[in-house]
Amino acid sequence: MKFRPLGDRVLVKRVEEEEKTKGGIIIPDTAKEKPQEGEVVAVGPGARNDKGDVVALDVKAGDRILFGKWSGTEVKVDGEDLLIMKESDVLGVVER
């Protein structure tokens, strides 16, 4: 199944966190918080401004982003857990 976000929406796949701390302690699944970092899978065409023109999004597929703890709506696409959020929920792009 193909999924194409509309407007200024972004489809994001969460990046899994480490299972161990730096000190070597293994963190069980029940104690883990959901990661606030993800990879952009797909983006919508952009939002419309006051004049009706489409303004392209600043993020693109493949970007690594940070987002708020409660951002987005969880969806399942082809058995994979993903998030749909507005571009305004994206806090920034991680550059390496």
Side-chain angles (χ1 to χ4, degrees):
M1 170 169 70
K2 292 237 180 207
F3 183 85
R4 181 177 50 95
L6 299 177
D8 65 342
R9 302 278 194 298
V10 179
L11 186 66
V12 178
K13 177 181 178 183
R14 286 187 196 267
V15 175
E16 295 300 320
E17 290 186 349
E18 290 290 319
E19 304 258 333
K20 285 185 182 180
T21 64
K22 290 180 182 179
I25 299 171
I26 296 174
I27 304 168
D29 287 340
T30 55
K32 286 185 194 173
E33 286 193 21
K34 291 187 177 183
Q36 295 172 351
E37 186 175 343
E39 183 179 335
V40 176
V41 176
V43 296
R48 294 200 179 269
N49 62 13
D50 296 337
K51 296 178 184 175
D53 301 326
V54 175
V55 179
L57 303 181
D58 288 334
V59 295
K60 61 187 180 306
D63 281 352
R64 195 90 173 236
I65 61 166
L66 294 177
F67 49 87
K69 185 178 275 192
W70 309 109
S71 296
T73 302
E74 293 182 353
V75 295
K76 197 168 258 210
V77 177
D78 289 337
E80 189 173 25
D81 291 326
L82 301 172
L83 286 170
I84 295 178
M85 64 183 71
K86 287 186 166 254
E87 185 188 32
S88 59
D89 291 338
V90 176
L91 302 175
V93 177
V94 178
E95 296 181 357
R96 296 182 187 226

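Bear in mind the structure is a predicted one, so any value in this text is a computation, not a measurement. In this chain, residues are counted from 1 in sequence order. These numbers come from the heavy atoms of this one structure, side chains and all, not from hydrogens, waters or symmetry mates.
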Practice task
Kindly work out whether a path of hydrophobic side-chain contacts (I/L/V/M/F/W/Y, heavy atoms less than 4.5 Å apart) joins F67 to V93.
Solution key: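 As far as the 4.5 Å side-chain criterion goes, V93 and F67 are connected within one cluster.
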Practice task
Using the test salt bridge (Lys or Arg N to Asp or Glu O under 4.0 Å), find all partners of R48 that sit at least two apart in sequence or belong to another chain.
Solution key: none
Problem - All pairs passing salt bridge (charged side-chain N to carboxylate O under 4.0 Å, His left out) where residues 83-95 contributes a residue, at least two apart - result: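 Applying salt bridge (charged side-chain N to carboxylate O under 4.0 Å, His left out) to every pair that reaches into residues 83-95, excluding sequence neighbours, yields D8-K86.
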Handout entry: D81 and E74, any side-chain heavy atoms less than 4.5 Å apart
Key =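 The answer is no, as the side chains (C-beta and beyond) never meet within the 4.5 Å cut-off.
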Handout entry: Distance, nearest 0.5 Å, that separates CG of L83 from CZ of R9
Key =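 Those atoms lie 13.0 Å apart.
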Problem - Gap between atom NZ of K13 and atom CD of E37 - 0.5 Å precision - result: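 Those atoms lie 13.0 Å apart.
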Handout entry: Heavy-atom pair with the smallest gap, counting every atom of V15 and G38
Key = CG2-CA, 3.6 Å
Fill in the blank from the handout: P45 and P5 have their tightest heavy-atom pair at CD-O, 3.8 Å
Determine all donor-acceptor pairs shorter than 3.5 Å in which one atom belongs to a side chain in residues 52-60; sequence neighbours excluded.
residue : atom : partner : partner atom : Å
K60     : NZ   : D63     : OD1          : 3.1

Practice task
Sort out for me which residue in L11, L82, V41 forms a side-chain contact (heavy atoms from CB on, under 4.5 Å) with F3.
Solution key: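 Of the listed options, the one satisfying the test is L11.
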